[in-house]
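Chain letters run A, B, ... following the sequence lines, proteins first, then strands; residues in each count from 1. These values consider heavy atoms only, across backbone and side chains, with no hydrogens, waters or symmetry-generated copies.
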Amino acid sequence: MSKVAVNLGALFDRFKVSRIFKRRELLLPDYVPSYLPHRDQQIYRLGLVLAPVLSGSRPSNVFIYGLTGTGKTAVTKYVLRELEKKAGSKVRYVYINCRHTDTSYRVIAELAQAVGQRVPFTGLSTSEVFRRFITGLERKQRFLLVVLDEIDYLVKKKGDDVLYFLTRINDQLSVSKVSIIGITNDLRFMDFLDARVRSSLGEEELVFPPYTSRELEDILKMRAEQAFHPGVLEEEVIPLCAAIAARQNGDCRLALDLLLKAADIAERLGEVKVRTEHVRMAQKEIEKNLAIDLIKSMPLHVKLVLAAILILHKKKVKVITTGGIYDQYTKLVQRIGVEPVTQRRVSDIINELDMLGVINAQVVSLGRYGRTKRIKLSVSESSIKEGLKEDLTLGDLWIELAS
DNA sequence: AATCCACAGGAAGTGCTGGGCG
DNA sequence: CGCCCAGCACTTCCTGTGGATT
């Protein structure tokens with residue numbers, strides 16, 4: 001026992017004082033820095049739109065577009081935080097990520113909780129929760145700024161009636177007011193919206209362009225100065241991270257993640273400098289981990305469908321179609337003794353896999369031979385095998401896949 | 001030009017879980 | 001306790017369709 005304690009102690013000591021990191025937390029994705037380079041214009045414009053709240057009138061609803069990692073969330077949180085500081089208790093903001101909170105009920109429940117109402121996560125009707133939200137808000141007598149991040153998930157998942165509610169909620173309020181800030185990275189999002197919601201939500205629009213490679217370098221340099229000890233980064237490390245991320249739509253989150261993972265790898269290897277090869281390793285790790293984690297978390301039948309696609313892929317079938325997948329899938333299902341789902345469901349599963357980016361599915365017409373989807377894998381075979389491997393319900397199936 | 005395949009994908013419903021409320 | 005709710009994974013039934021072949 002004491003031996004364990006001694007060994008652990010030594011291990012912890014080695015990590016307690018990092019030779020690379022000074023403040024590692026500054027590179028984590030949810031950290032919002034107090035200065036956001038190359039976003040002055042967006043900060044200013046958002047501030048301009050929201051400022052009326054300080055003099056007691058309701059700000060316009062705002063709609064924010066921009067690809068992932070272009071600073072939408074960071075800028076919004078930053079501006080709102082500053083606004084709250086200035087305004088005192090009469091202005092509050094609620095941040096909701098609609099990817100996690102993806103139904104009307106859950107959104108309204110979270111809003112109700114934000115104004116101090118107790119709400120169970122199930123059991124009540126949506127309208128009841130909405131009523132509680134309104135009474136709670138009226139009691140607080142304040143301006144509520146509702147940030148709906150990744151708002152496209154709401155509409156895609158059939159929860160857009162919240163938007164309708166929220167855009168009209170001010171009619172039902174007397175002492176309080178609500179403004180909505182919608183954030184999305186889907187540029188065609190507005191097209192899917194109900195016309196009334198669209199006009200109300202889009203009172204003001206803000207666009208966040210992707211960062212260029214140069215801008216990403218600036219950001220990384222600034223963060224690195226505070227996050228690392230002086231001189232631990234090899235000179236080309238930052239430009240490389242920036243270049244890789246710039247190729248991915250100028251995604252700043254990816255750039256920071258690359259830098260963080262590269263430094264983690266260097267530290268794990270016991271090196272005192274972060275070098276470009278560590279960045280390359282980080283890049284591979286990020287891509288692979290994303291896919292593997294995703295696959296591991298899938299329900300059984302989704303995994304089976306994916307396994308069926310993998311088998312067809314290995315058999316070098318020229319055109320993989322829905323029908324072919326279903327045949328292969330039913331064979332797999334029989335072998336492990338599970339009831340198959342219908343073809344209709346498999347069709348949906350294929351769409352889900354496509355949305356997740358694991359496969360690429362395209363509707364094509366084969367003329368006389370019908371309409372179907374042409375499916376291709378878009379992650380490596382090895383990642384899929386890795387992701388499917390640990391599922392015990394698949395039994396010895398994966399051994400066959402590995403051959 | 002008409003036909004017809006092999007599905008796409010919408011609508012509505014089922015059965016189940018995990019929870020209200022009074 | 002009985003009856004209500006939401007969410008999920010799925011089914012049943014359905015109408016729609018691009019374009020090679022007849």
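Rounded to whole Å, the distance from CE on Met298(A) to P on dC8(C) is 17 Å. Rounded to a whole Å, the CG atom of Leu300(A) is 19 Å from the P atom of dC8(C). In this structure, Arg106(A) places its CZ atom 18 Å from P of dC5(C), rounding to the nearest Å. The distance from atom CD1 of Ile349(A) to atom P of dA8(B) is 12 Å, rounded to the nearest whole Å. As a whole-Å value, the separation of Ile350(A) CD1 from dA6(B) C1' is 13 Å. Between the CG atom of Asp102(A) and the C1' atom of dC8(C) there is a distance of 11 Å, given to the nearest Å. Ile108(A) has its CD1 atom 16 Å from the P atom of dC5(C), to the nearest Å. Distance Glu128(A) CD to dA6(C) C1': 14 Å, rounded to the nearest Å.
For dG7(C), neither phosphate oxygen OP1 nor OP2 lies less than 4.0 angstrom from any side-chain nitrogen or oxygen of Thr122(A). Note on Thr103(A): a side-chain N or O is less than 4.0 Å away from OP1 or OP2 of dG7(C). Look at Ser347(A) and you won't find any side-chain N or O under 4.0 angstrom from OP1 or OP2 of dC7(B). Phosphate proximity of dT11(C) to Thr342(A): present, with a side-chain N or O under 4.0 Å from OP1 or OP2. In this structure, Lys373(A) does not reach the dC7(B) phosphate: none of its side-chain N or O atoms is under 4.0 Å from OP1 or OP2. Contact check, Asn351(A) against dG9(B): a side-chain N or O comes under 4.0 Å of OP1 or OP2. Look at Arg345(A) and you'll find a side-chain N or O under 4.0 angstrom from OP1 or OP2 of dC10(C).
Distances were taken from every side-chain heavy atom of Arg368(A) (C-beta onward) to each of dG20(B), dG18(B), dT22(C); the shortest belongs to dT22(C). Side-chain atoms of Tyr105(A) lie closest to dA6(C) of the nucleotides dA6(C), dC7(B), dT11(C). Closest to the Arg132(A) side chain, of the nucleotides dC5(C), dC21(B), dA20(C), is dC21(B). Minimum atom distance to the side chain of Arg371(A) is reached by dC7(B), of the listed dC10(C), dC7(B), dC5(C). Nearest nucleotide to the side chain of Thr322(A), out of dA8(B), dT11(C), dG7(C): dA8(B). Each of dG20(B), dC10(C), dG7(C) was ranked by its minimum atom distance to the side chain of His301(A); first place goes to dC10(C).
Looking at Glu352(A) and Arg345(A), a side-chain N of the basic residue comes within less than 4.0 Å of a carboxylate O on the acidic one, giving a salt bridge.
For Phe228(A) and Phe21(A), the gap between ring centers is short of 6.0 Å.
With DNA chain B read from its 5' end, the first of the two nearest nucleotides for Gln343(A) and Gly123(A) is the one closest to Gln343(A).
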Starting from the C-alpha separation in whole Å, work towards a yes-or-no answer on ring pair (Phe, Tyr, Trp, His ring centres under 6.0 Å) for Tyr95(A) and Tyr93(A). CA-CA 7 Å; Tyr95(A) 174 85; Tyr93(A) 81 90; 7.7 Å; no
For Lys373(A) and Gln362(A): C-alpha separation, side-chain torsions, deciding distance, then whether side-chain contact (heavy atoms from CB on, under 4.5 Å) applies. CA-CA 5 Å; Lys373(A) 285 195 192 103; Gln362(A) 248 191 39; over 6 Å; no
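Between the side chains of Asp149(A) and Thr73(A), at least one donor N or O sits under 3.5 Å from an acceptor N or O.
Remark: Arg39(A) is positioned above the aromatic ring of Tyr211(A), its terminal NZ or CZ atom under 6.0 angstrom from the ring centre and at most 45 degrees off the axis.
Heavy atoms of Arg344(A) sit under 4.0 angstrom from at least one base atom.
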